[in-house]
Enquirer: 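This is the structure I have questions about; it appears just below.
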Amino acid sequence: MDYKHQEIEKRWQDFWRDNDIFKVTEDPARKKFYVLDMFPYPSGAGLHVGHPLGYIASDIYSRYKRQQGFNVLHPIGFDAYGLPAEQYAIQTGQHPEITTNQNIERYRNQLDKIGFSYDWSRAVRTCDPEYYKWTQWAFIRMFDSWYDNAAGKARPVAELEEYLSQHGTEGLDAAQTEEHSLTAAEWNAMTEKERRAALMNYRLAYRAETMVNWCEELGTVLANDEVTEGVSVRGGYPVTQRKMRQWCLRVSAYAQRLLDGLEKIDWSESLKETQRNWIGRSEGAEMRFDVVGNDLKLEIFTTRADTVFGVTFMVLAPESEYVDLVTTPGQREAVEEYRKAVSHKTERERQIEKKVSGVFTGAYARNPLTGKEIPIYVSDYVLAGYGTGAIMAVPAHDSRDYAFARHFDLPIIPLIEGADVSEQSFDAKEGIMINSEGPKLNLNGLTVKEAIARTKEFIREEGLGDVKVNYRLRDAIFSRQRYWGEPFPVYYVDDEPYMLHEDELPLLLPEVDSYLPTNDGQPPLGRAKNWHDSDGHPYEVCTMPGFAGSSAYYLRYMDPHNPDALVGRDNDEYWRAVDLYIGGREHATGHLIYSRFWDKFLYDLGVVAEDEPFRKLVNQGMIQGRSNFVYRVQGTNTFVSAGLKDKYDTAPIHVDISLVKNDVLDTEAFRRWRPDFAEAEFIVEDGKYVCGWAVEKMSKSMYNVVNPDDIVERYGADTLRLYEMFLGPLEQSKPWDTNGIDGVNRFLKKLWGWFERVDLDGDAPMSRAELKTMHKLIKKVTGDIEEFSFNTSVAAFMIALGELQQMKSTNRGAAELFTRVIAPFAPHIAEEFWHRLGHEGSVVDAEWPAFEEKYLVEDSVKYPVSFNGKTRFTIEVPADTPREKVSELAMADPQAEKWMAGKTPKKVIVVPGKIVNIVI
RNA sequence: GCAGGAAUGGUGGAAUGGUAGACACGGGGGACUUAAAAUCCCCUGGCCUUUACCGGCUGUGUGGGUUCGAGUCCCACUUCCUGUACCA
């Protein structure tokens with residue numbers, strides 16, 4: 001009987017569903033294992049063949065762990081809030097929920113066909129009120145928390161209030177937006193409103209006026225990780241900097257813990273490095289410069305304290321609050337004009353035109369070490385959001401300062417011996433200091449490293465500043481001026497935000513008549529009727545960003561239907577952290593930072609037991625498209641085969657890859673493809689029209705999208721699963737190439753054919769050869785799965801089958817073992833075998849076989865091995881050599897001569913057969 | 001600029017420091033067939049030698065090094081990918 005994949009796969013998928021095979025329950029008696037996929041955003045385009053790559057890998061791992069006896073939690077859900085559904089709603093008027101649910105339905109369908117072992121009873125979707133209730137809940141808890149730097153953890157705001165009423169800010173070491181100081185008396189004299197305003201400075205979820213990334217096209221603000229190279233990640237629209245009042249999360253409070261936590265988790269070094277760079281810890285000093293003729297002190301941050309003698313001017317960010325305070329009346333107009341010009345530029349423009357620009361404020365500061373007066377400028381090369389938004393400029397040793405100094409003709413003083421600064425700055429942190437002697441401090445002759453340390457010490461002693469650690473990581477902007485997201489559980493009294501009570505959650509997303517902003521520029525929720533509480537206090541009109549719902553979803557899977565908690569204590573303590581998380585690298589600075597932050601916060605609250613959510617993380621590579629081209633001769637309807645195209649003047653045209661097999665074009669289908677090709681003529685080679693190809697992003701416009709449904713229908717889910725793994729290393733990006741799929745499909749057909757010949761009723765023990773083949777296979781596959789080297793496992797299956805076929809094996813025991821080891825990879829065919837072998841239940845509970853070394857004959861030593869001071873090696877001699885001649889022959893071997901290096905062998909061991917062991 | 005990773009046949013890719021190119025695709029040849037598809041068998045890095053068998057040389061981006069032995073380890077370089085960037 002032929003291998004009928006459609007029939008087999010349907011049968012076992014139904015069986016799994018009808019018998020709740022993948023339903024998981026907490027069982028303290030069993031060891032747990034939690035395997036998680038990054039849940040998908042259900043887009044309208046459906047899954048293409050690249051999406052399931054990581055899911056297949058995690059499914060293999062889950063099934064493998066389950067066969068090893070673990071209680072495996074392997075859930076899935078949907079990241080259901082997001083822009084595409086909303087944009088579709090704006091165009092069509094269809095509620096995004098309808099669109100989203102349709103897409104989810106389709107995704108579910110596609111996923112089921114691939115035979116994943118998900119426990120769908122635990123599925124979550126972020127737009128479900130029962131789910132986002134807990135997103136809102138976490139937000140409230142963040143609002144009610146502040147970060148105590150001394151204790152290194154979040155604490156309730158009530159405790160902060162208590163502290164302020166007794167001590168003011170004296171001795172308080174808290175994460176805060178700005179340095180504030182007040183006395184207990186001042187605090188106690190404040191009104192309720194004033195106190196709430198003051199507390200905003202400390203809350204972990206806070207509302208503040210900050211510089212934000214505004215995307216006009218998307219009509220919303222974006223977090224830093226949603227902007228790249230000055231444009232929005234989604235859509236690629238320009239982004240400008242704007243000051244707006246927004247909700248933010250104080251992620252920066254956790255910067256050090258986010259950094260430290262990386263040490264104890266099993267992630268790839270490159271991903272950790274990306275996060276380290278994103279967090280951007282730098283150690284330096286904060287220093288105060290006096291402004292001449294003004295009480296003001298300019299506070300700056302530098303990592304090069306050693307270069308203070310070379311400071312010849314200072315620069316403020318255009319948005320810095322210092323600008324208004326120092327600018328002289330005569331320069332005010334010029335400064336205002338400059339600020340205005342800068343604010344109109346998009347981030348992208350600002351980055352692309354690297355032209356030096358800036359304006360003098362008219363004010364001077366005093367270099368604290370030299371006493372000299374130095375001018376203060378404003379320029380957009382200084383960023384408002386980093387450090388203090390003000391810098392000391394050292395043109396000799398910083399390339400940006402150098403360019404600025406050249407442009408404005410400011411002095412450049414080299415501070416390092418031998419540094420030639422006539423053409424460019426000397427940025428390296430190495431060398432011996434010169435020109436660095438002042439009334440109180442002399443750095444001359446010190447190395448840069450020593451000078452930095454010495455200067456830091458000095459400024460601390462003199463009260464000029466302090467040692468300071470700065471992080472690049474900024475607080476996450478948490479408001480979006482959009483409709484399709486979680487509503488904030490916030491109402492306003494006299495413009496002061498208050499949180500809803502937890503009993504009032506979820507606050508449901510209201511209906512609106514249009515998904516566009518209101519006429520007076522309010523977000524879409526401004527259109528909602530009765531969008532206020534029972535006392536008429538208005539609710540917040542912004543919604544939460546995409547990462548809100550994805551930050552703690554892995555916790556909800558542990559206890560998805562709990563009405564009283566995000567996750568119950570027992571369930572959390574059973575499942576704890578995710579043991580294996582598989583997903584794309586693109587979330588390195590977004591979701592994977594936010595989730596860790598969120599988890600650490602919940603850990604501080606005592607809600608979760610682990611302070612790192614994902615123990616091991618594997619990034620699957622991206623699957624790119626493989627496009628095909630035909631070459632049209634210019635101005636004709638004639639197409640030239642790829643091998644001949646250079647002889648003509650041609651233009652490549654993307655051709656739908658479904659019209660191409662192994663790069664050969666189906667010319668008839670091509671003529672039918674589009675009306676203007678109906679009359680196409682072909683210049684062929686060897687009777688075939690060969691297409692060109694290129695690796696590109698998989699997209700509709702390139703006609704290179706491969707839908708997994710088509711593959712499943714034609715070859716089967718097991719073939720798809722094996723082939724996706726066979727394509728190459730999991731973590732590597734690679735193009736999808738349907739060309740090779742026949743090989744894998746052929747293997748499954750052969751496996752099927754072999755199994756048909758197996759003597760199912762026989763009870764003969766496996767032969768020595770069979771045992772060796774099977775144990776070699778088990779050893780290989782077990783090792784491969786542990787190392788996520790699934791591609792070589794597929795090859796191992798093929799080799800093992802080839803060996804069994806060669807030895808004409810029909811042994812039942814071999815079939816039994818084969819079924820068990822291939823089950824994670826090709827579960828449908830394995831399930832079929834499992835039942836034919838007479839077993840009950842599902843193959844997912846078939847015990848994973850252990851290999852036994854004794855069946856694996858050791859390879860003989862062929863190269864010199866040192867052991868106990870003796871060197872031993874093996875030489876091969878022809879098998880028919882007479883016994884007494886063996887050693888003589890071995891010694892004559894040129895390699896043996898080389899290895900012995902003129903020494904006489906101490907011992908020659910003749911092993912039966914043709915191998916000689918020589919010990920020197 | 002900085003950080004991380006990669007470079008092996010026509011293609012995707014294998015190789016605890018130990019016979020480079022497993023496995024698969026593609027290609028070539030053959031069997032079966034009226035024919036095609038499917039299936040099965042053989043060959044397939046390059047160069048040289050040979051009637052044939054046999055055999056030799058060369059070969060993992062480039063140049064050095066360590067080692068009895070290097071695709072693998074070390075140093076320098078080239079190219080490509082990915083991420084990130086006026087972060088002081």
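We name chains A, B, ... by the order of the sequence lines, and we start the count at 1 in each one. These numbers come from the heavy atoms of this one structure, side chains and all, not from hydrogens, waters or symmetry mates.
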Enquirer: Taking G358(A)'s backbone N and O only, do any of them form a donor-acceptor pair with D380(A)'s side chain (distance below 3.5 Å, no angle check)?
Expert: no

Enquirer: Side-chain N or O of R746(A) versus OP1/OP2 of A24(B): is the shortest distance under 4.0 Å?
Expert: no

Enquirer: Report the nucleotide, chosen from C25(B), U39(B), A88(B), that has the shortest atom-to-atom distance to any side-chain atom of N739(A).
Expert: C25(B)

Enquirer: Quick one: on RNA chain B, does G728(A) or Q806(A) contact a more 5' nucleotide (nearest heavy atom)?
Expert: G728(A)

Enquirer: Counting heavy atoms from C-beta on, name the nucleotide in A85(B), A24(B), C25(B) closest to the side chain of M798(A).
Expert: A24(B)

Enquirer: To the side chain of D398(A), which of G13(B), A88(B), C23(B) is closest?
Expert: A88(B)

Enquirer: Would you mind reading off the distance between R474(A) atom CZ and C87(B) atom C1', rounded to a whole angstrom?
Expert: 8 Å

Enquirer: Does Y386(A) have a side-chain nitrogen or oxygen under 4.0 Å from the phosphate oxygens OP1 or OP2 of A88(B)?
Expert: yes

Enquirer: Are OP1 or OP2 of C87(B) and a side-chain N or O of R400(A) less than 4.0 angstrom apart?
Expert: yes

Enquirer: For the residue pair W754(A) and F818(A), categorise the inter-ring angle as parallel (less than 30°), tilted (30 to 60°) or perpendicular (more than 60°).
Expert: tilted

Enquirer: With syn defined as a glycosidic angle within 90° of 0 and anti as everything else, classify G4(B).
Expert: anti

Enquirer: Look at Q275(A) and G83(B) and indicate whether a side-chain polar atom (N or O) is within less than 4.0 Å of OP1 or OP2.
Expert: no

Enquirer: Using purine N1 to pyrimidine N3 plus N6-O4 or O6-N4 for Watson-Crick, or N1-O2 and O6-N3 for G-U wobble, both under 3.5 Å, which nucleotide pairs with A7(B)?
Expert: U78(B)

Enquirer: Could you please name the option among A88(B), A15(B), G83(B) that lies closest to any side-chain atom of T303(A)?
Expert: A88(B)

Enquirer: Rounded to whole angstrom, note down the C1' distance from U34(B) over to C42(B).
Expert: 26 Å

Enquirer: Between P on C23(B) and CD on E724(A), what's the gap in Å once rounded to a whole number?
Expert: 23 Å

Enquirer: Measuring from the side chain of V382(A) (C-beta onward, heavy atoms only), which nucleotide among U84(B), G12(B), A88(B) has the closest atom?
Expert: A88(B)

Enquirer: Looking only at the side chain of W278(A) (C-beta and beyond, no hydrogens), which of the listed nucleotides G13(B), U84(B), A14(B) gets closest?
Expert: U84(B)

Enquirer: Let me spell it out: for each of P729(A) and D742(A), pick the nucleotide of RNA chain B with the closest heavy atom. Which residue's pick is nearer the 5' end?
Expert: P729(A)

Enquirer: Work out how far the C1' atom of G45(B) is from that of A20(B), and round it to whole angstrom.
Expert: 10 Å

Enquirer: Please classify the nucleic acid contact of K750(A) as base, sugar-phosphate, or nothing, using heavy-atom distances under 4.0 Å.
Expert: sugar-phosphate

Enquirer: Give me the distance, rounded to whole Å, that separates U49(B) from C57(B) when you measure between the P atoms they each carry.
Expert: 15 Å

Enquirer: Tell me, please, whether W267(A) has R596(A) positioned over its six-membered ring: NZ or CZ under 6.0 Å from the ring centre and within 45 degrees of its axis?
Expert: yes

Enquirer: Classify D401(A) by what it touches in the nucleic acid, base, sugar-phosphate, or nothing, heavy-atom distance under 4.0 Å.
Expert: nothing

Enquirer: Nearest whole Å is fine: how far is A38(B) C1' from W752(A) CH2?
Expert: 18 Å

Enquirer: Would the distance check show the side chain of H397(A) and the main-chain N or O of D427(A) forming a donor-acceptor pair, the cut-off being under 3.5 Å?
Expert: no

Enquirer: Whole-Å distance between U16(B) P and E786(A) CD?
Expert: 17 Å

Enquirer: Can you tell me the Watson-Crick or wobble partner of A38(B), both distances under 3.5 angstrom?
Expert: none

Enquirer: What integer number of Å spans the C1' atoms of C80(B) and A70(B)?
Expert: 24 Å

Enquirer: To the nearest angstrom, how far is Y715(A) atom OH from A24(B) atom P?
Expert: 17 Å

Enquirer: Quick one: do D398(A) and R400(A) make a salt bridge, cutoff under 4.0 Å?
Expert: yes

Enquirer: May I ask you to check whether F404(A) and F313(A) place their ring centers less than 6.0 Å from one another?
Expert: yes

Enquirer: Rounding to an integer number of angstrom, what distance separates A85(B) and G64(B) when you compare their C1' atoms?
Expert: 35 Å

Enquirer: Just how far, in rounded Å, is P of G4(B) from CG of N619(A)?
Expert: 16 Å

Enquirer: Is there a salt bridge (charged side-chain N to carboxylate O under 4.0 Å, His left out) between D306(A) and R304(A) once you walk through the steps?
Expert: CA-CA 5 Å; D306(A) 58 311; R304(A) 293 295 300 273; 3.1 Å; yes

Enquirer: What is the separation between atom NZ on K808(A) and atom C1' on C40(B), rounded to the nearest whole Å?
Expert: 11 Å

Enquirer: What's I799(A) touching, base or sugar-phosphate or nothing? Going by heavy atoms closer than 4.0 Å.
Expert: sugar-phosphate

Enquirer: Using whole Å, report how far CE of M392(A) lies from P of C87(B).
Expert: 15 Å

Enquirer: Base, sugar-phosphate alone, or nothing: which one does E586(A) contact when heavy atoms must sit under 4.0 Å apart?
Expert: nothing

Enquirer: Check this for me: does any side-chain nitrogen of one of E283(A) and R281(A) sit under 4.0 Å from a carboxylate oxygen of the other?
Expert: yes

Enquirer: Roughly how far apart, to the nearest Å, are U44(B) and G10(B) at atom P?
Expert: 16 Å

Enquirer: Please check if any side-chain donor atom of T773(A) sits under 3.5 Å from a side-chain acceptor atom of E803(A), or the reverse.
Expert: yes

Enquirer: Taking pairing as Watson-Crick or G-U wobble with both contacts under 3.5 Å, can you name the mate of C47(B), or confirm there isn't one?
Expert: G56(B)

Enquirer: Counting only side-chain heavy atoms from C-beta out, which of A22(B), A88(B), G12(B) sits nearest to A795(A)?
Expert: A22(B)

Enquirer: In whole angstrom, give me the gap between the C1' atoms of A35(B) and G12(B).
Expert: 34 Å

Enquirer: In whole angstrom, give me the gap between the P atoms of A6(B) and C74(B).
Expert: 12 Å

Enquirer: Between C86(B), U84(B), G13(B), which nucleotide has the shortest distance from any of its atoms to the side chain of L383(A)?
Expert: C86(B)

Enquirer: Side-chain N or O of N277(A) less than 4.0 angstrom from OP1 or OP2 on G4(B)?
Expert: no

Enquirer: May I ask you to say what E273(A) touches in the nucleic acid, namely base, sugar-phosphate or nothing, with a heavy-atom cut-off under 4.0 Å?
Expert: sugar-phosphate

Enquirer: Tell me the partner of A88(B), counting only Watson-Crick (N1-N3 plus N6-O4 or O6-N4) or G-U wobble (N1-O2 and O6-N3) with both under 3.5 Å; none if nothing fits.
Expert: none

Enquirer: If you check every side-chain atom of S282(A), which of A88(B), C25(B), A24(B) has the closest atom?
Expert: A88(B)

